[in-house]
Amino acid sequence: MHKLGFSPDEYTLGSVFSGCAGLRSVFIGQQAHGYMVKYGLELDSVVSSSLAHMYMRNGKLRDGQSVIRSMPVRTLVAWNTLLSGYAQEGCPETVLCEYKKMKISGYRPDQITFVTVLSSCSDLAIRGQGQQVHAEAVKIGASSVVAMVSSLISMYSKCGCLEDAAKAFSERGDEDEVMWSSMISAYGFHGRGEEAIKLFNTMVEETEMEINEVTFLNLLYACSHSGLRDKGLELFDTMVEKYGFRPSLRHYTCVVDLLGRAGDLDQAEARIRSMPMKPDAVIWKTLLSACSVHKNAETAQRAFEEILKIDPNDSSCYVLLANVHASAKRWRDVSEVRKSMRDRDVKKEPGVSWFEHKGEVYRFKMGDRSQSQSKEIYSYLKELTLEMKVKGYKPDTASVLHDMDDEEKESDLVQHSEKLAVAYALMVLPEGVPIRIIKNLRVCGDCHVAFKYISVIKNREITLRDGSRFHHFVNGKCSCGDYW
DNA sequence: GTAGGGTTAG
């Protein structure tokens, strides 16, 4: 069109930006931006929104922001573009902050705003705010739109309330495959593989919905997190043979997870090496993590090297490898790994846990002493540990990756961010109120045991969302069945 | 012509 001498108008550019956003071609998008200026279309709010979207989808947050800031009139679509841009770039806090500003400036959110904000609440696992958004949606009659229901299912599930997720699901009987997949994923997230499969079967047998690749992804994920190895492998075959879907890298990652968690490390590795696409760092990390569960140093070393070939700056693989060695008490290998971390200036992502109380978020880093009540928290924990020991708790010093004597290891364990968070939650929350803690990384083995004891001693329901799933502690038992 | 839902590992 350009070569033939046609000039673009606002409609042309809107489409071009939209295409560039989808294709991630920021270079072409920038050229089209030049045309926009040249043809004096900078004041058009539709073109500006699509331009901002193009930048934000391509990771250029600042460029997107400045486009939206320079709009003479900020529209609702512009706000939504901004919010979803932050959401997709992994800045859920910013989404919530801008959402507040949006409302203060007098804009009325619509269902698209709600969906975006709800996904940020899911990421942060802040149920209180999620519920509030739910209520706002109810008020304007937007809560029963299927896309909203999917978001609500996901939000409630990721915030630890499987019941509320199921409630949102059951209130809408629609045959919408995304909504059903959301519910399958919710079951998987909570280690309820059997229920996930049951829902899938109902979907196939009693409805007309199309099953797609994502549905299978959710299903496989549910199986591997529930220890349903054979069922998962069977579903993978069904997907390929009966449905004719070509498995993606993510599907293979689920299979490697299924095999690896079940201890079939050789098979898992063979799958990676024989699959038709190039492995990424994640699939090797899946294997490496399985190696640390099953204490297989040889396979771990190979996976570790593969990861570094793909992403030399990855820090988590060092920690995982050190884990494998530490569990076998090979301290020389552990310090070897630590040394290479130092040499290459690789830093571990610090563990952080938090919980929400009366609209405030309380954060704890490992070994945190920055709270005004730190002293009280540590002495509370000390007392709690004594009570736990009376009931039979033995600190799992194997969870400590350093070669120290047991006493030092114990004091190391006490400083874990999830323990600090649970202690403070016990101190400030009224009796009987369930405690919901979120941690950025996986829960450590010792903390997992400790939380079981705490749930008995304090007669408290504790929910812990870690980096990949939920743990419900009730009466000394965890919903994950110690399989994670 | 613009914005939104379910998606693997640590």
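In what follows, every chain begins at residue 1, and chains take the letters A, B, ... in the order their sequences are listed. Side chains included, hydrogens not; waters and symmetry mates left out as well; all remaining heavy atoms used.
Whole-Å rounding puts the A:Phe17 CZ to B:dG1 C1' distance at 11 Å.
The listed nucleotides are B:dG1, B:dT8, B:dA3; the one nearest the side chain of A:Val46 is B:dG1. Relative to the side chain of A:His225, the nucleotides B:dG5, B:dG6, B:dA9 differ in distance, and B:dA9 lies closest. Among B:dG1, B:dT2, B:dT8, the nucleotide with an atom closest to any side-chain atom of A:Thr253 is B:dT8. Nearest to the side-chain atoms of A:Ser289 among the listed nucleotides B:dG5, B:dG6, B:dG10 stands B:dG10. Distance from the side chain of A:Cys254 is smallest for B:dT8 among the nucleotides B:dG1, B:dT8, B:dT7. Closest contact between the side chain of A:Asp110 and the listed nucleotides B:dA3, B:dG6, B:dG10 involves B:dA3. Comparing atom distances between the A:Val282 side chain and each of B:dT8, B:dA3, B:dG6 picks out B:dT8 as nearest.
Remark: A:His53 is in phosphate contact with B:dA3, judged by side-chain N or O atoms under 4.0 Å from OP1 or OP2.
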Quick one: side chains of residues 3-10 of chain A, donor-acceptor pairs under 3.5 Å with protein atoms, not counting sequence neighbours, listed by atom name and distance.
{"residue": "A:Asp9", "atom": "OD1", "partner": "A:Tyr11", "partner atom": "N", "Å": "3.0"}
{"residue": "A:Asp9", "atom": "OD1", "partner": "A:Thr12", "partner atom": "N", "Å": "2.9"}
{"residue": "A:Asp9", "atom": "OD1", "partner": "A:Thr12", "partner atom": "OG1", "Å": "2.7"}

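When heavy atoms are screened at a 4.0 angstrom cut-off, A:Ser150 is found touching base atoms of the nucleic acid. If you check every strand for non-hydrogen atoms under 4.0 Å, A:Leu217 touches a base. Looking at heavy-atom distances under 4.0 Å, A:Lys158 makes contact with sugar-phosphate atoms alone, never a base. A:Thr215 comes within 4.0 angstrom of a base, heavy atoms only.
Heavy-atom neighbours of A:Lys103 NZ from other residues, nucleotides or ligands within 6.0 Å: above the threshold of 12.
Less than 4.0 Å separates DNA chain B from at least one heavy atom of each of the following residues of residues 72-91 of chain A: A:Val77, A:Asn80, A:Thr81, A:Ser84, A:Gln88.
For A:Asp44 and B:dG1, a side-chain-to-base donor-acceptor distance below 3.5 Å is present, hydrogens and geometry of angles not being considered.
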